[in-house]
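Here is the structure we will look at.
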Amino acid sequence: MPVIIALWCVAALFALACLGVVTARWRAGTALVYGGCLATSALAFSIALGHLIAGGANSTLVLPLGLPWVGSHFRVDLLAAFFLAVVNLGAGVASCYAIGHGRHEAAPQRVLPFYPAFLAAMNLVILADDAFTFLLSWEFMSLSSWALVMAHHREADNARAGYVYLVMASFGTLALLLAFGLLAGPEGGYAFAAIRADHHPEAIAALVLALVLLGAGSKAGLVPLHVWLPLAHPAAPSHVSALLSGVMTKVAIYGFVRIVFDLLGEPSWWAGMVVLVLAAATALLGVLHALMQTDLKRLLAYSTVENVGIIFIGLGLALAFRANGMSGAAALAFTAALFHVLNHSLFKSLLFFGAGAVLTATGERDMDRLGGLIHRMPWASFAFLVGCAAISALPPLNGFVSEWLTFQAILLSPALPQWGLKILTAAVGAVLALSAALVAAAFVRAFGITFLGRPRSPVAAAATEADRFSLAAMLFLAVLCLLSGILPGYVIDALGPLTESVVAGRLPLQASVPWLAIVPVSESRSSYDGMLVFVFIALSALLSATAIHRLASRALRRAPAWDCGYPDPSPLTQYSAGSFAQPLRRVFGTIVFRARERVEMPPPGDAGPAVLRVDLHDLVWEWLYAPIARAVNVAADRLNHLQFLTIRRYLSLVFLALIALLLVSALWL
């Protein structure tokens with residue numbers, strides 16, 4: 001049974017965590033633990049993928065653990081199988097990358113014990129089939145990932161990143177606990193089967209939706225709950241950052257889908273509006289923040305926020321279509337969301353691996369201290385370029401297909417009966433188009449400043465290529481980005497039984513469409529052929545290169561690098577990350593970031609350089625979280641005197657608390 005094999009894989013990961021405690025200081029300990037994680041994740045991935053493709057029946061198991069008389073329920077259905085495949089694919093590739101990258105880890109004893117435990121916890125969240133097991137696994141996932149974020153706690157700002165992450169994780173768990181309490185009701189039916197069979201009033205459903213958006217949204221990175229991502233992702237080791245961004249956020253999305261689409265019952269049309277508003281704000285603010293960053297890993301973290309917004313746009317559309325009985329349109333939107341879940345896991349893991357290779361080779365994350373790495377790290381540069389093109393939704397790579405499917409779902413929105421949804425969906429489509437354009441600008445900037453031009457620092461000039469395990473992981477993901485982009489029909493067909501089980505509809509079979517094209521709606525309305533686009537691009541590039549080499553002169557000519565007409569060889573005269581983003585910063589920054597530019601000119605006769613200073617503000621943090629933090633500090637100071645009371649006063653407080661509890665119990669009963 002798939003669920004039994006999956007649980008054995010979880011047990012193996014916990015055993016590897018124990019092994020990591022013992023072997024952390026051994027030279028072979030890194031390869032042993034990460035190699036075991038690779039093998040275990042590969043087995044779990046193959047089982048989940050086989051169950052998904054075969055459209056197998058639900059596989060369940062109950063163990064005598066957890067709550068008394070309830071036990072721990074585990075289940076592998078099609079939804080769980082898809083997310084298990086995504087989680088273990090990302091975990092397996094990250095483990096391969098870590099075999100090489102982990103050799104450079106300064107404190108392996110802080111990473112090796114928690115890394116397999118983190119993988120096991122993510123698998124357990126997806127396997128859980130009751131509220132207690134789900135929440136216990138969710139909290140263990142948060143704690144193990146927090147330990148990984150704190151692995152380099154002595155570096156600047158890492159302790160703050162771990163603190164913010166832990167607070168947001170605890171807040172999310174509390175919200176999910178309340179949501180499951182409402183779903184279970186007075187009878188306390190915590191098994192998902194009992195929750196699924198129960199009828200939930202509309203007021204309860206609305207409150208549960210809000211709590212799930214808070215709980216799962218805080219872990220996924222929905223605005224304004226995203227503040228931990230740009231702090232935690234740069235703090236963690238690079239292979240852990242890839243898991244946090246490319247995998248753990250998908251576990252959070254699984255939690256949202258499991259509760260809202262499965263356990264909560266039939267949705268109301270307004271639920272789609274709520275999700276769409278949050279999703280559009282998340283996509284736009286995420287990419288605008290990414291454009292302003294000079295830290296490569298912070299840029300990727302904010303890009304994750306943007307992609308989570310795209311996924312939730314698909315989920316919001318699916319809710320709206322499903323509430324109005326439009327099963328075909330709901331299937332298209334849901335397929336687009338799930339396809340982007342897979343795609344984002346692939347290209348974002350690839351990009352974090354590339355950033356990790358750059359960090360290992362140079363010790364730098366600041367793009368303004370990099371440059372010219374394409375000559376010293378050609379294979380890593382090529383893989384990172386593929387990831388940049390994929391996340392920018394350029395055909396024929398996979399990011400284009402899922403975003404194109406999302407746009408196709410948006411184009412079906414005029415058939416919705418509610419005018420509010422019609423107008424909102426059109427606005428969301430415009431925001432999605434703007435976000436797609438800004439993402440392309442952000443990653444042209446990221447690749448150009450990091451890998452092209454001349455080295456901006458001695459460490460960039462002395463960089464060397466990544467190790468073979470890291471390159472193997474990156475190139476493998478690059479190939480998957482291409483294959484899922486030119487053969488999307490097979491992915492859509494594999495998702496067909498899943499979409500039918502969740503939204504009662506599926507897309508037509510795509511494998512039978514000629515020339516490997518996809519036709520999600522109808523031939524007269526929309527179609528896309530990734531293979532044809534790939535062949536056209538390949539032939540055009542080949543013909544252009546052949547013509548240039550045959551017709552141009554073969555003489556080798558060398559000249560100084562052109563630098564705006566000046567022969568200054570200094571790399572400081574190149575475009576910087578800040579100057580590249582300046583036009584967009586002046587358009588959006590004054591509103592979104594309250595950006596202020598100050599030029600400090602030296603006085604006459606002073607040969608010192610002029611200095612441009614740019615002040616950016618995170619308005620979400622300053623307007624929402626900073627006041628809450630100040631209020632908590634004030635309340636803590638006011639309540640601090642309670643720890644200095646006399647015994648008599650302590651006993652009086654205990655007596656008053658007991659009386660209050662008895663009154664509440666009497667009124668409740």
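- Counting only distance, with no hydrogens or angles, the side chain of Arg365 and the backbone of Asp295 share no donor-acceptor pair below 3.5 Å.
- Contact check for Val111 versus Tyr34: side-chain heavy atoms found under the 4.5 Å cut-off.
- Atom CG of Leu124 sits about 11.5 Å away from atom CG of Leu119, to the nearest 0.5 Å.
- Judged purely by distance below 3.5 Å, without hydrogens or angles, the side chains of His101 and Thr360 pair a donor atom with an acceptor atom.
- The two residues Leu278 and Val223 make their nearest non-hydrogen contact at CD2-O, 3.8 Å.
- Under the 3.5 Å distance criterion, with hydrogens and angles disregarded, no donor-acceptor pair is assigned to the side chains of Ser238 and Tyr97.
- Not a single donor-acceptor pair under 3.5 Å links the side chain of Arg110 to the backbone N or O of Met150.
- Among Thr304, Val308, Ile310, the single residue meeting the side chain to side chain contact (heavy atoms under 4.5 Å, CB included) criterion with Glu306 is Ile310.
- Between Trp404 and Phe400, the ring planes lie parallel to each other; the angle is under 30°, not in the 30° to 60° tilted range.
- Taking the six-membered ring where the residue is Trp, Trp228 and Tyr165 present tilted rings, their angle falling between 30° and 60°.
- Under the 3.5 Å distance criterion, the side-chain polar atoms of Glu465 are matched with a main-chain donor or acceptor of Trp379.
- Other residues, nucleotides and ligands contribute over 12 non-hydrogen atoms within 6.0 Å of the OH atom of Tyr625.
- Screening residues 209-222 for side-chain hydrogen bond (donor to acceptor under 3.5 Å, both in side chains), with sequence neighbours left out, gives Ser142-Lys219.
- Judged purely by atom type and a 3.5 angstrom limit, Trp146 uses its side chain to pair as donor or acceptor with the backbone of Gly162.
- A distance of 12.0 Å separates CG of Leu177 from OG of Ser170, quoted to the nearest 0.5 Å.
- In this structure, Arg298 and Pro230 approach most closely via the heavy-atom pair NH1-O, 3.0 Å.
- The two residues Val620 and Pro224 come nearest to each other via the heavy atoms CG1-CB, 3.6 Å.
- Contact check for Asn307 versus Ser303: side-chain heavy atoms found under the 4.5 Å cut-off.
- Trp138 places a side-chain heavy atom less than 4.5 Å from the side chain of Thr173.
- Other residues, nucleotides and ligands place more than 12 heavy atoms under 6.0 Å from the CZ atom of Phe407.
- A donor-acceptor distance shorter than 3.5 angstrom exists from the side chain of Ser241 to the backbone of His233, with no hydrogens or angles considered.
- Remark: side-chain polar atoms of Ser349 are not paired, donor with acceptor, to backbone N or O of Leu346 under 3.5 angstrom.
- Judged by distance alone, the side chain of Asn343 and the main-chain N or O of Asn398 form a donor-acceptor pair under 3.5 Å.
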Go through the steps for Leu214 and Phe171 under the test side-chain contact (heavy atoms from CB on, under 4.5 Å), then give the verdict.
CA-CA 8 Å; Leu214 291 174; Phe171 171 75; 4.3 Å; yes
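- Atom CH2 of Trp623 is surrounded by 12 or fewer heavy atoms from other residues, nucleotides or ligands within 6.0 Å.
- Residues Val341 and Tyr254 are not in side-chain contact: their nearest non-hydrogen atoms beyond the backbone lie 4.5 Å or more apart.
- Among all heavy-atom pairs drawn from Ile313 and Ala280, the shortest one is CG1-N, 4.3 Å.
- Between the side chains of His239 and Tyr115, no donor N or O sits under 3.5 Å from an acceptor N or O.
- Atom CG of Leu315 sits about 7.0 Å away from atom CG of Leu338, to the nearest 0.5 Å.
- Using a 4.5 Å heavy-atom threshold, the side chains of Phe353 and Val93 count as touching.
- Between His226 and Tyr302 there is a side-chain heavy-atom pair separated by less than 4.5 Å.
- Taking the six-membered ring for Trp and thresholds of 30 and 60 degrees, His344 and His340 have nearly parallel ring planes, at less than 30 degrees apart.
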Can you list the steps and then say if Phe593 with His289 is a side-chain contact (heavy atoms from CB on, under 4.5 Å)?
CA-CA 9 Å; Phe593 308 105; His289 274 284; 3.3 Å; yes
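- Once rounded to the nearest 0.5 Å, the distance linking OG of Ser245 with CG of Leu229 reads 7.0 Å.
- In this structure, Phe118 has its ring center at least 6.0 angstrom away from the ring center of Phe114.
- Checked by atom type and distance alone, the side chain of Lys250 never pairs as donor or acceptor with a backbone atom of Val87 at under 3.5 Å.
- Between Ile99 atom CD1 and Thr30 atom OG1 the span is 10.0 Å, to the nearest 0.5 Å.
- In this structure, CD1 in Ile391 is found 3.5 Å from CZ in Phe443, a value given to the nearest 0.5 Å.
- Under the 4.5 Å side-chain criterion, counting only non-hydrogen atoms from C-beta, Leu284 is in contact with Leu434.
- Between Phe312 and Phe256, the distance from one ring center to the other falls under 6.0 angstrom.
- Pairing each heavy atom of His152 with each of Pro237, the nearest pair is CE1-CG, 4.0 Å.
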CA sep, side-chain torsions, deciding dist, call: Leu176, Ile259, side-chain contact (heavy atoms from CB on, under 4.5 Å)
CA-CA 10 Å; Leu176 289 177; Ile259 297 173; 4.1 Å; yes
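- Across Ala355 and Leu296, no two heavy atoms sit closer than the pair CB-CD2, 3.9 Å.
- Side-chain contact check for Arg445 versus Met367: some heavy-atom pair is nearer than 4.5 Å.
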